[in-house]
Amino acid sequence: MKNILKELKEHTPFTLGAVLVSVLIVIVVHYILKKEVGEGVFHIFHFGHIFVSAVATAGLYYKYKKNVFNALLIGVSGALLIGSVSDVIFPHIGAVLLNNDIHFHLPLIEETAQTMFFAIV
């Protein structure tokens, strides 16, 4: 538990910074520049996030447990869960709260092979 809290403490500023930058980008692009961000841009960032999240999660697990198979399993499953929640579910809830008409799109279900590819790589 001590190691988990240590890692969360070190990771939190990066997470909060990324969320803040993302929200600012959406505000500038969508509300100030009045531009639509297409689904293609979402896929680039979502699949990139799945990849980086899997690497980071697997790396942290391996750092403490030294088990390659479990690290890969934890990395893939963690990235899929975290990526789906943070890139799809939370933004959808935000869009609904802001009265934006947005299509709910879950790549893990609708594009399973591509999503799994980036998580496993």
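For the pair Gln114/Pro107, no side-chain contact is recorded, criterion being any heavy-atom separation below 4.5 Å from C-beta on. Residues Asp87 and Phe45 fail the side-chain proximity criterion, which asks for heavy atoms closer than 4.5 Å.
In summary, the side chains of Thr15 and His11 do present a donor paired with an acceptor at a separation below 3.5 Å, with no hydrogens or angles considered.
His46 contributes atom NE2, which lies 5.5 Å from atom OG of Ser84 (distance to the nearest 0.5 angstrom). Note: Ile32 CD1 to Leu24 CG = 9.0 Å, rounded to the nearest 0.5 Å. Annotation: the span from Met1 atom CE to Lys6 atom NZ amounts to 15.5 Å, rounded to 0.5 Å.
Here Phe47 and Phe118 bring their ring centres to under 6.0 angstrom of each other.
Geometric assessment of Lys66 against the ring of Tyr64 yields a negative cation-pi assignment under the 6.0 Å and 45° thresholds.
Criterion: ILVMFWY side-chain heavy atoms under 4.5 Å apart, direct or through other members. Under it, Leu8 and Ile82 are not part of a common hydrophobic cluster. Connection of Leu106 to Val85 is established within a shared hydrophobic cluster, with ILVMFWY side chains joined at heavy-atom distances below 4.5 Å, either directly or through further cluster members. Hydrophobic clustering of Ile, Leu, Val, Met, Phe, Trp and Tyr side chains at less than 4.5 Å, counting indirect connections, unites Val88 with Ile109.
Shown here for Thr115 and Ile50, the closest heavy-atom pair between the two residues is O-CG2, 4.0 Å. His49 and Ser86 make their closest contact through CE1-OG, 3.1 Å (heavy atoms, listed as atom of the first residue, atom of the second, distance). Shortest non-hydrogen contact noted between Ala119 and Ala54 is O-CB, 3.4 Å. Across every non-hydrogen atom of Leu80 and Met116, the tightest pair is CD1-SD, 3.4 Å.
Within the structure, ring-ring contact (aromatic ring centres under 6.0 Å, His included) pairs that include any residue of residues 65-93 comprise His92-Phe104 (at least two apart or interchain).
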* Yes or no on side-chain contact (heavy atoms from CB on, under 4.5 Å) for Leu60 and Glu7, after CA distance, side-chain angles and deciding distance? -> CA-CA 8 Å; Leu60 273 175; Glu7 295 295 343; 3.3 Å; yes
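A side chain to side chain contact (heavy atoms under 4.5 Å, CB included) with Tyr62 is found for one member of Leu72, Val68, Ile74 and no other, namely Val68.
Between the side chain of Thr57 and the main chain of Ala79, no donor-acceptor pair closer than 3.5 Å is present.
Remark: Lys65 pairs with no residue by the salt bridge (charged side-chain N to carboxylate O under 4.0 Å, His left out) rule, at least two apart or across chains.
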